S.K.: 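Here you go, one structure.
Chain identifiers are assigned alphabetically (A, B, ...) following the order of the sequence lines, protein sequences preceding nucleic acid strands; residue numbering begins at 1 within each chain. What you see is a predicted model, and the numbers here were worked out from it, not measured in a lab.
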There are 2 protein chains.
Amino acid sequence: MAAYDHPAPATFELTLVLRALADPARLEIVRHLARVGEANCATLIGTRPKSSMSHHFQVLRDSGILRTRIEGVQHRNSLRREELDTRFPGLLTAVLNVP
Amino acid sequence: MAAYDHPAPATFELTLVLRALADPARLEIVRHLARVGEANCATLIGTRPKSSMSHHFQVLRDSGILRTRIEGVQHRNSLRREELDTRFPGLLTAVLNVP
DNA sequence: TGCCTTGTTCGAATTTTGCCGAACAATATG
DNA sequence: CATATTGTTCGGCAAAATTCGAACAAGGCA
């Protein structure tokens, strides 16, 4: 599998990021990653099927919220905190601070 | 026209707020209100028909982002900044700070 | 090679969302 | 009362998002 395309911070779009965060499943993924730092997809799958989760990861990736690093057969995801904070200061922090 | 129902800050839902903000038209409304403080609906209508705007105002109202005060025949809208900031500290500020 | 694991892609069904004209409600004003 | 102003509500339609099974791709390992 070839590496993913990740958008550059300069091309992040606020509405895309907000839309990506405005979904319970994706918000859960983001919160989990904030706790554990890095995780592969399987770890983050709850009751939803793989294909649904794969879709959510793509939405998060395309908006710039997370990056996916391929390590063998696993895809390791982590938040792009610094880059996101550079482009949208305080946004991700505010979202993550909500109980 | 009877007064609107505005949700109490304790019942604000993050996903609702994010979804409300994740639309270009609504984001424009929010930004405009941040500049002028208070405005009636007509002032905020650009090229879209009234019915579309009315829908967007309702979404923003239901999520807790703005309040609508009825003054005669006009509906005056303003951001619920303090209440929003109490429930989701830094969120609206972060969104408004994006150029 | 054969098999298992991990995750993507495809296709289709369902749901949600946005859009807008037309009709309506409420208030103000002549 | 008649009319104009301000916005809402309704209904249908179009576009977009979500969901998920099934098939596929790629790597690791016996």
Side-chain angles (χ1 to χ4, degrees), chain A residues 1-7 13-30 32-33 36 38-79, chain B residues 1-7 13-30 32-33 36 38-79:
Chain A
M1 173 128 246
Y4 289 99
D5 266 355
H6 295 95
E13 280 183 36
L14 182 57
T15 53
L16 264 190
V17 170
L18 292 171
R19 211 196 323 283
L21 292 172
D23 176 278
R26 292 194 289 263
L27 206 47
E28 238 183 84
I29 292 175
V30 170
H32 185 90
L33 288 180
V36 306
E38 195 180 51
N40 61 1
C41 301
T43 306
L44 290 154
I45 289 184
T47 64
R48 291 167 232 263
K50 295 185 300 176
S51 51
S52 296
M53 293 308 272
S54 188
H55 163 70
H56 288 309
F57 279 111
Q58 188 182 328
V59 172
L60 289 168
R61 209 158 34 228
D62 290 349
S63 69
I65 293 175
L66 62 76
R67 102 195 85 227
T68 307
R69 184 169 63 83
I70 300 180
E71 185 103 4
V73 79
Q74 296 190 4
H75 295 198
R76 304 270 174 73
N77 304 283
S78 55
L79 297 179
Chain B
M1 173 129 243
Y4 289 99
D5 266 356
H6 295 95
E13 280 184 36
L14 182 57
T15 52
L16 264 189
V17 171
L18 292 172
R19 209 192 332 279
L21 293 171
D23 177 277
R26 292 193 289 264
L27 206 47
E28 236 183 87
I29 293 175
V30 169
H32 185 90
L33 288 180
V36 305
E38 195 180 50
N40 62 0
C41 300
T43 306
L44 289 154
I45 289 184
T47 65
R48 291 167 233 265
K50 294 186 301 177
S51 51
S52 295
M53 293 308 272
S54 188
H55 162 69
H56 288 309
F57 279 112
Q58 189 181 328
V59 172
L60 288 168
R61 208 155 38 226
D62 290 350
S63 69
I65 293 175
L66 62 77
R67 102 195 88 228
T68 306
R69 184 170 63 83
I70 299 182
E71 185 103 4
V73 78
Q74 297 190 1
H75 296 199
R76 305 270 174 74
N77 304 282
S78 55
L79 296 179

S.K.: I need the B:Thr68 OG1 to B:Asp5 CG distance, nearest 0.5 Å.
M.R.: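 Going from OG1 on B:Thr68 over to CG on B:Asp5, the span is 11.5 Å.
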S.K.: Checking side chain to side chain donor-acceptor pair (under 3.5 Å) between B:Arg69 and each of B:His75, B:His6, B:Glu38, which is the one that passes?
M.R.: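 The side chain to side chain donor-acceptor pair (under 3.5 Å) with B:Arg69 is passed solely by B:Glu38 among B:His75, B:His6, B:Glu38.
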S.K.: Tell me the closest heavy-atom pair linking A:Thr15 and B:Pro24, and the distance in Å.
M.R.: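 Heavy-atom minimum between the residues: CG2-N, 4.2 Å.
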S.K.: When the distance from CD1 of B:Ile70 to C1' of C:dA28 is rounded to whole Å, what number comes out?
M.R.: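 For the pair B:Ile70 CD1 and C:dA28 C1', the rounded distance is 15 Å.
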S.K.: Work out which heavy atom in A:Ile70 is nearest to a heavy atom in A:Ala3; give both atom names and the distance.
M.R.: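 A:Ile70 and A:Ala3 have their closest heavy atoms at CD1-CA, 4.1 Å.
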S.K.: Once you round it to whole Å, what is the distance between P of C:dT8 and CG of A:Asp5?
M.R.: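 Those two atoms, CG and P, are 14 Å apart.
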S.K.: What contact category does A:Arg26 fall into here, base, sugar-phosphate, or nothing, at under 4.0 angstrom with non-hydrogen atoms?
M.R.: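 Since only primed, P, OP1 and OP2 atoms lie under 4.0 Å of A:Arg26, the category is sugar-phosphate.
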S.K.: Among residues 15-23 of chain B, which residues get a heavy atom nearer than 4.0 Å to DNA chain D?
M.R.: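 Nothing qualifies; none.
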S.K.: Check the distance between C:dT5's C1' and A:Ile45's CD1 and give it to me in whole angstrom.
M.R.: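 Taking CD1 of A:Ile45 and C1' of C:dT5, I get 12 Å after rounding.
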S.K.: Examine distances only and state if a side-chain atom of B:Asn77 and a backbone atom of B:Ala39 form a donor-acceptor pair shorter than 3.5 Å.
M.R.: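 Indeed, once roles are kept as given, a pair shorter than 3.5 Å links the two residues.
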S.K.: Answer yes or no: does a side-chain N or O of B:Asn40 lie under 4.0 Å from OP1 or OP2 of D:dT6?
M.R.: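 Answer no for this pair, as no side-chain N or O of B:Asn40 is under 4.0 Å from OP1 or OP2.
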S.K.: Using whole Å, what does the distance between atom P of nucleotide C:dT17 and atom CG of B:Asp62 come to?
M.R.: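 Distance, rounded to whole Å: 12 Å.
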S.K.: Indicate the atoms forming the closest heavy-atom contact of B:Leu79 with B:Arg67, along with that distance.
M.R.: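 It is O-NH2, 3.0 Å.
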S.K.: I'd like a table of atom pairs between the protein and nucleotides 23-30 of chain D - only N or O on both sides, under 3.5 Å - with the distance next to each one.
M.R.:
residue : atom : partner : partner atom : Å
D:dA26  : O3'  : A:Met1  : N            : 3.0

S.K.: Under 4.0 Å: is that the gap between some side-chain N or O of B:Tyr4 and OP1 or OP2 of D:dG7?
M.R.: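 Result: no.
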S.K.: Which of residues 51-61 of chain B have a heavy atom under 4.0 Å from DNA chain C?
M.R.: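 Only B:Ser51, B:Ser52, B:His55, B:His56 qualify.
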S.K.: Is A:Arg48 near enough to D:dC20 that one of its side-chain N or O atoms lies under 4.0 angstrom from OP1 or OP2?
M.R.: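 So the side chain of A:Arg48 is outside the cut-off, no N or O lying under 4.0 Å from OP1 or OP2 of D:dC20.
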S.K.: Nearest whole Å is fine: how far is D:dG7 P from B:Leu66 CG?
M.R.: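 So the CG-P distance, B:Leu66 to D:dG7, works out to 13 Å.
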